[in-house]
Number of protein chains: 2
Amino acid sequence: MFTPFNKLNKSTCTSCKDKSCAVAVLNESQLELLDGNSYESEIKKGETILRSGALVSHIIYLKTGYVKEFIIGQSGKTQIIQIVKPFSYLGLHSLFGDKINHYSYTALEDLKICYIDISAFKRLIKENGDFAYEVLVYVCKESLNNFFRFANQSQKSANGRFADILLYFSEMYNNCNFNLPLTRQELADLISLSRENTTRVMSRFKADGIIKINDKNIEIVKFDLLKKISKNG
Amino acid sequence: MFTPFNKLNKSTCTSCKDKSCAVAVLNESQLELLDGNSYESEIKKGETILRSGALVSHIIYLKTGYVKEFIIGQSGKTQIIQIVKPFSYLGLHSLFGDKINHYSYTALEDLKICYIDISAFKRLIKENGDFAYEVLVYVCKESLNNFFRFANQSQKSANGRFADILLYFSEMYNNCNFNLPLTRQELADLISLSRENTTRVMSRFKADGIIKINDKNIEIVKFDLLKKISKNG
DNA sequence: TGTGGGATGTGATTAATGTCACAATCATTT
DNA sequence: AAATGATTGTGACATTAATCACATCCCACA
């Protein structure tokens with residue numbers, strides 16, 4: 001069997017154990033099409049995966065690791081949209097929008113991604129309705145989640161926002177004890193506060209015994225109180 | 001030819017002049033399927049079209065008129081997500097999410113909508129890849145637009161937010177002179193400010209000769225200055 | 001004609017948040 | 001070892017926006 005150059009030492013899409021929900025519904029020949037139009041790559045922590053403003057030639061599937069999705073606003077301030085989890089697509093919204101990428105993505109740790117050619121991806125959508133349906137589900141869910149966070153955030157004060165983001169991370173890692181993948185500044189950019197105010201809220205929560213802090217490590221001690229703060233403030 | 005009861009005096013989807021971009025790619029038999037699973041309805045100004053929390057049995061296509069899309073946050077405050085324009089779908093995100101509707105919609109004026117049965121809609125997506133593609137384009141564009149607004153808004157002060165929303169409306173109506181479809185309170189809920197602060201900003205802009213105000217009617221006088229304010233804060 | 005309720009504008013006050021300044025820590029480089 | 005720069009915590013202060021209070025205005029309706 002012919003093995004394309006860029007597939008050396010790479011798994012095929014067919015045998016991939018990290019398939020997305022959408023790719024899971026593809027048939028054998030469609031998987032081969034995907035396989036012939038995608039290639040795997042490794043990214044080092046801190047590297048930029050995709051930059052806002054770039055033309056979209058590939059969409060990116062995140063196999064392992066966490067990624068920061070952000071934009072730089074008109075005033076030059078950074079706004080972090082979300083922390084993207086494994087098994088997600090990067091740049092998908094922009095692909096179907098206007099072909100220009102709208103978000104920037106940087107790796108929060110060493111990670112593995114797959115580049116997928118956009119024309120192949122589009123062809124799969126048009127050929128396989130179940131695939132299209134799953135992509136739609138993905139896009140809509142993500143959109144709903146992020147909007148819910150944003151909308152709630154804009155109604156809350158600093159305490160409520162910080163409580164929210166702690167719950168967000170504890171849910172993401174499925175653990176009350178986790179290592180923040182962000183600096184304090186990035187945390188601030190995620191909840192739209194100043195860095196100083198963010199650390200102040202952290203100190204207050206620590207002093208009140210709601211959380212324990214050890215550099216990047218955070219442990220939620222009073223979970224219920226945190227939920228109450230998230231709700232009321 | 002048999003005419004179903006609910007189609008009396010209604011146009012068919014085939015002859016509809018207000019088709020969405022997605023429906024425009026359907027073939028004859030698919031249009032008939034759509035026709036058999038949708039019905040038109042009229043809504044009076046102020047009526048609720050769809051409520052957050054309801055199970056999604058139909059999606060709604062907005063043929064004419066403007067609609068307010070909003071959620072009520074955990075604290076009870078209202079957050080308006082966007083003003084939905086004609087030729088848009090209502091409840092689409094929720095359809096592909098978890099079957100529960102996440103946004104509420106009320107009519108800002110008398111308007112015409114079409115209810116479309118969700119199973120028929122899903123069948124069209126799975127049957128016709130071009131249709132699915134167009135639906136994806138719609139969802140992604142809307143998502144990008146709204147995020148862009150939200151992300152920018154969260155970085156701006158009251159002046160910047162109000163300037164933004166004036167530009168938003170003038171673009172929507174394609175006119176520097178327009179009638180606000182919202183009360184001052186709703187305007188405040190759209191840009192996440194208090195009602196009082198919103199009117200104060202309006203008064204300031206009026207005093208500075210940036211806009212003219214006559215009740216709900218607003219005329220943008222100094223367009224360039226408004227853009228500058230929007231940009232700088 | 002009068003009455004009640006919603007919407008609106010504005011002043012005074014309070015609360016929250018951003019900004020500035022500075023010190024401490026740590027990792028990396030020279 | 002010294003130096004540089006990034007990150008973090010914290011106090012003082014300035015700025016901004018929310019809240020409270022109240023007066024108008026307008027409209028629907030008795």
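Convention: sequence-line order gives letters A, B, ...; per-chain numbering from 1.
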Item to complete: For S194(A), answer base if it contacts any base atom (sugar-phosphate contacts may also be present), sugar-phosphate if it contacts only those atoms, and nothing otherwise; contact means non-hydrogen atoms under 4.0 Å.
Response: base

Worksheet item: Starting at CD of E186(A) and ending at P of dA6(D), how long is that distance when rounded to a whole Å?
Response: 14 Å

Discussion item. Within the 4.0 Å heavy-atom criterion, would you say T199(A) contacts the bases, only the backbone, or no part of the nucleic acid?
Written reply: base

Worksheet item: Which residue lies toward the 5' end of DNA chain D, R204(B) or R195(B), if each is placed at its nearest nucleotide?
Response: R204(B)

Item to complete: Please confirm whether F148(A) and Y103(B) have ring centers closer than 6.0 angstrom.
Response: no

Practice prompt. In whole angstrom, give the distance that lies between atom CG of N197(B) and atom C1' of dC20(D).
Written response: 14 Å

Worksheet item: When you look at NZ of K216(A), are more than 12 heavy atoms from neighbouring residues, nucleotides or ligands closer to it than 6.0 Å?
Response: yes

Discussion item. I need the CD-P distance between E196(A) and dT8(D), as an integer number of Å.
Written reply: 12 Å

Worksheet entry | Donor/acceptor link under 3.5 angstrom from R161(B) side chain onto base of dT16(D) | no

Item to complete: Report yes if the distance between the aromatic ring centroids of Y168(A) and F162(A) is under 6.0 Å, otherwise no.
Response: no

Worksheet item: What is the distance, rounded to the nearest whole Å, between atom CD1 of I213(A) and atom C1' of dT7(D)?
Response: 15 Å

Discussion item. I want to know whether F147(B) and F147(A) have ring centres closer than 6.0 Å.
Written reply: yes

Worksheet item: Are OP1 or OP2 of dT10(D) and a side-chain N or O of S203(A) less than 4.0 angstrom apart?
Response: yes

Worksheet item: Is the closest basic N to carboxylate O distance between K44(B) and E109(B) below 4.0 Å?
Response: no

Fill in: Ring geometry between Y61(A) and Y89(A) (parallel below 30°, tilted from 30 to 60°, perpendicular above 60°)
tilted

Response to the item:
Counted 5' to 3', the first and last nucleotides of DNA chain C within 4.0 Å (strictly under) of a heavy-atom of chain B are dT8(C) to dA12(C)

Worksheet entry | Y173(B) ring center within less than 6.0 Å of Y66(B) ring center | yes

Discussion item. Between K216(A) and dT7(D), is there a contact of a side-chain N or O with OP1 or OP2 at under 4.0 Å?
Written reply: no

Worksheet item: For the pair made of CG in D215(A) and C1' in dT7(D), what is the distance, rounded to whole Å?
Response: 10 Å

Worksheet item: Pick the nucleotide of DNA chain C nearest each of A158(A) and R184(B); which residue has the one closer to the 5' end?
Response: R184(B)

Item to complete: Take the protein atom CG of D189(A) and the nucleotide atom P of dT8(D), then report the distance between them rounded to whole Å.
Response: 12 Å

Worksheet entry | Rounded interatomic separation in angstrom, taking CE from M202(B) and P from dA17(D) | 16 Å

Worksheet entry | Whole angstrom value for the distance that separates P of dA21(D) from CZ of R200(B) | 15 Å

